[in-house]
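Atom set for the values below is all heavy atoms of this structure, side chains included, hydrogens, waters and symmetry mates excluded. Numbered from 1 within each chain, the chains take letters A, B, ... in sequence-line order. What you see is a predicted model, and the numbers here were worked out from it, not measured in a lab.
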Amino acid sequence: MATKAQYVFFRESLMRWHREQNDRSLPWKGERNAYRIWLSEIILQQTRAAQGLDYYLKFTRTYPDIRSLAAAPDEEVFRLWQGLGYYNRCRNMLATARFISDTYQGRFPDTYDEILALKGVGPYTAAAIASFAFDLPHAVVDGNVYRVLSRFFAIETPVDSTEGKRIFASLAQELIDADSPAAYNQAIMDLGATVCTPAAPLCMFCPLAERCAAYRQNLTGLLPVKEKKLSVQTRHFNYVVMRSGDSVWIRQRKEKGIWQDLHEFLLIETPEAATLKQIEKEIKQLTTARVALRHIGSLRQRLTHQLILSEFYEAQLSAQLTVPDTEGFWVDISELQRFAFPKTMVSFIAAHLHG
DNA sequence: AAGCCGGGGTC
DNA sequence: GACCCAGGCTT
C-alpha cells in the first residue's frame with residue numbers, strides 16, 4: 001500500500017534527479033509561449049520527439065504566431081504536415097488556431113477548462129499547456145507517466161481501462177509538486193523517456209529504484225498492463241494512375257477513415273488481391289473510353305492497425321476524361337507538390353512520376 | 001467502452 | 001514480428 005512517505009520520496013527524488021539532469025536539448029523544453037507549447041504538444045501526440053522535431057521547426061518557422069497559422073490555406077498546412085500521420089490532428093489544429101484567433105483575438109486561453117475545450121486537446125495536452133505555459137498545477141498523464149507510476153507502485157490495473165485511467169490520473173495529481181508543476185511534469189516524462197523505458201529500463205541509473213515496487217519484485221517487464229490487443233486488418237488497394245500528357249488525375253479523400261483530407265489517385269479497393277483484368281473491368285464501369293492498364297509497381301505498407309497492399313496501374317489517356325461520381329481533378333505533375341499525400345504515396349510519386 | 005487514426009523506432 | 005510513441009475523437 002502506498003504511504004505518504006512514498007509519495008514524498010517519489011516527488012523529491014524525481015525533482016532532485018531532474019535538477020541534476022539539466023537536459024534542455026529539445027527546442028520546446030523550457031518554452032513559455034503558449035502557442036509554441038500547444039503546437040509542440042499536438043505534433044508530439046503519439047509521436048516520438050525525434051520524428052516530430054523537424055515538423056516543429058518547420059511549423060514555428062512558417063507560422064511564428066497563431067494568427068499566421070489561422071490565416072494559412074488548408075492545403076498549405078496539410079502539405080506541411082504531410083508524412084507525420086494522424087491527420088485529424090492537423091485538421092483540429094487548424095480549427096483551433098482559427099477559433100483562438102477569432103474568439104480570443106489570438107490570445108491563448110489561460111485556464112485549464114478553456115484549454116481542455118479546444119479541439120484536439122485532451123486531458124494530457126491540456127495539462128501540459130496549463131503547466132508549461134501558465135504554471136498551473138495539473139499533472140500530465142501520458143505513456144511515460146503510466147509506465148513510471150505503474151512500476152513504482154506496482155499497479156496492475158490495465159492502463160487502457162476506464163478504471164485505470166481514473167486511478168493513474170488521480171495518483172499523478174496527488175504526486176505533482178504544486179510549487180513547480182512545469183518542472184515536475186517535465187521530470188516525470190523525461191524519466192520515462194530516458195530511464196524507465198518500455199523494454200530494458202535502466203534501473204541502475206534510476207533515482208527511484210530503491211523504493212520501486214516493480215524493481216524490487218522483478219516486475220518491470222510485466223508493467224504497465226494493457227488489456228486491449230490490436231487487430232490488424234489487411235486491405236487491397238488498386239491505384240490507377242490516369243495520365244494524359246503531363247497531367248494526372250487525383251482526388252481528395254473526404255470519407256471518414258484513413259488518410260481523410262489527403263489526396264490519392266483513382267482507387268479501387270477489392271476484398272482480395274485483384275488481377276489487371278479485374279481492375280480493367282472495374283474501369284469499364286466508370287467510363288466508356290477504352291482504357292489500357294499497365295502494372296507499374298507494388299507497395300506494402302504496415303500501419304498500426306492496417307496492412308495495406310497496394311498495386312499501381314498506369315493508364316495513358318488521349319483526353320482528360322471525367323470520372324463520374326467523384327470530385328477528382330486533373331493536375332500537372334509539376335503541381336503535385338502542392339497537395340498532401342500519404343507518406344508512401346510521396347515515395348511512389350518521386351520514383352514514378354517525373355513528368 | 002470499444003474502435004479508429006500513421007508512420008517510424010526499438011528490441 | 002510485437003510493442004510503443006509527449007493521445008484524442010467518434011460511435
Sugar-phosphate only, base, or nothing, as touched by G52(A) at under 4.0 Å among non-hydrogen atoms: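 If one applies the 4.0 Å heavy-atom cut-off, G52(A) turns out to touch nothing in the nucleic acid.
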Separation of atom CZ in R48(A) from atom P in dC4(C), rounded to whole Å: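 To the nearest whole Å, that distance equals 11 Å.
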Touch class at under 4.0 angstrom, heavy-atom based, for G83(A) against every strand present: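 It contacts sugar-phosphate atoms only.
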R98(A)/D74(A) salt bridge by N-O under 4.0 Å criterion: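 Salt bridge present between D74(A) and R98(A).
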Protein-nucleotide distance (Y146(A), atom OH; dA6(C), atom C1'), rounded to Å: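 Distance check: Y146(A) OH to dA6(C) C1' gives 13 Å.
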Gap between atoms OH and C1', on Y56(A) and dA6(C) respectively (whole Å):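 Going from Y56(A) (OH) to dA6(C) (C1'), I get 13 Å.
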Residue whose nearest DNA chain B nucleotide is more 5′ - K343(A) or A200(A):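 Per heavy-atom nearest nucleotide, the more 5' residue is K343(A).
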Presence of H305(A) side-chain N/O under 4.0 Å of dC5(B) phosphate oxygens OP1/OP2: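 Checking dC5(B) against H305(A), a side-chain N or O does come within under 4.0 Å of OP1 or OP2.
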Same-atom distance (P) from dA6(C) to dC4(B), integer angstrom: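 About 24 Å, rounded to a whole number of Å.
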Any Q306(A) side-chain nitrogen or oxygen under 4.0 Å from OP1 or OP2 of dC5(B):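 Indeed, a polar side-chain atom of Q306(A) lies that close.
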Nucleotide of dG7(B), dC5(C), dA6(C) approaching E41(A) most closely (side-chain heavy atoms):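 Per side-chain heavy atoms of E41(A), the pick is dA6(C).
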Touch class at under 4.0 angstrom, heavy-atom based, for W259(A) against every strand present: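 Answer is sugar-phosphate: W259(A) comes under 4.0 Å of backbone atoms only.
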NZ/NE/NH1/NH2 to OD/OE distance under 4.0 Å, R235(A) and E269(A):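 Result for this pair is yes, salt bridge flagged.
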Touch class at under 4.0 angstrom, heavy-atom based, for I43(A) against every strand present: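 Nothing, no heavy atom under 4.0 Å.
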SB check D261(A) R253(A) (cutoff 4.0 Å):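 A salt bridge is absent here (no side-chain N lies under 4.0 Å from a carboxylate O).
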Separation between CE of M15(A) and CD of Q186(A), rounded to the nearest 0.5 Å: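 The distance works out to 11.0 Å.
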Lys/Arg-Asp/Glu bridge criterion (N-O < 4.0 Å) met for D160(A), K165(A):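 Looking at K165(A) together with D160(A), the answer is no, because their closest N to O distance does not fall below 4.0 Å.
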Contact nearer the 5' end of DNA chain B, comparing A50(A) with Q45(A):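 Of the two residues, Q45(A) wins.
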T125(A) side chain near dG8(C) phosphate (N/O to OP1/OP2, under 4.0 Å):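 For dG8(C), OP1/OP2 do have a side-chain N/O of T125(A) under 4.0 Å.
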Between C1' of dC4(B) and NZ of K228(A), the distance in whole Å: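 K228(A) atom NZ is separated from dC4(B) atom C1' by 13 Å.
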Atom-pair distance (CD on E31(A); C1' on dA6(C)), nearest Å: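 About 15 Å, once rounded to whole Å.
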Sugar-phosphate, base or nothing in reach of V145(A), heavy atoms under 4.0 Å: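 V145(A): no heavy atom of the nucleic acid under 4.0 Å.
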Between dA6(C) (P) and D142(A) (CG): distance, integer Å: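 To the nearest whole Å, that distance equals 7 Å.
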Phosphate OP1/OP2 of dG1(C) contacted by R302(A) side-chain N/O (<4.0 Å):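 Affirmative; the distance criterion is met.
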Separation of atom CD in Q233(A) from atom P in dC5(B), rounded to whole Å: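 It works out to 8 Å between those atoms.
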Nearest-Å distance for atom pair OH/P, residues Y86(A) and dC5(C):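 That distance rounds to 12 Å.
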Pair of N/O donor and acceptor under 3.5 Å linking dG7(B) base with T304(A) side chain: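 Yes.
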Rounded P spacing from dT11(C) to dG6(B) in Å: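 The answer is 15 Å between these two P atoms.
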N-O pairing of D179(A) and R11(A) below 4.0 Å: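 Result for this pair is no, no salt bridge flagged.
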P spacing across the pair dG9(B) / dG8(C), given as an integer number of angstrom: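 Between the two P atoms, the distance is 23 Å.
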Whichever of R300(A) and Q51(A) has its nearest DNA chain C nucleotide further upstream toward 5':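 It is R300(A) whose nearest nucleotide is closer to the 5' end.
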Sugar-phosphate, base or nothing in reach of Q260(A), heavy atoms under 4.0 Å: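 No contact.
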Ion pair check, R338(A) and E75(A), cut-off under 4.0 Å: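 Salt bridge flag = no for E75(A) with R338(A).
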Polar pair under 3.5 Å, donor/acceptor by atom type, side chain E227(A), base dA2(B):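 No, the side chain and the base share no sub-3.5 Å donor-acceptor pair.
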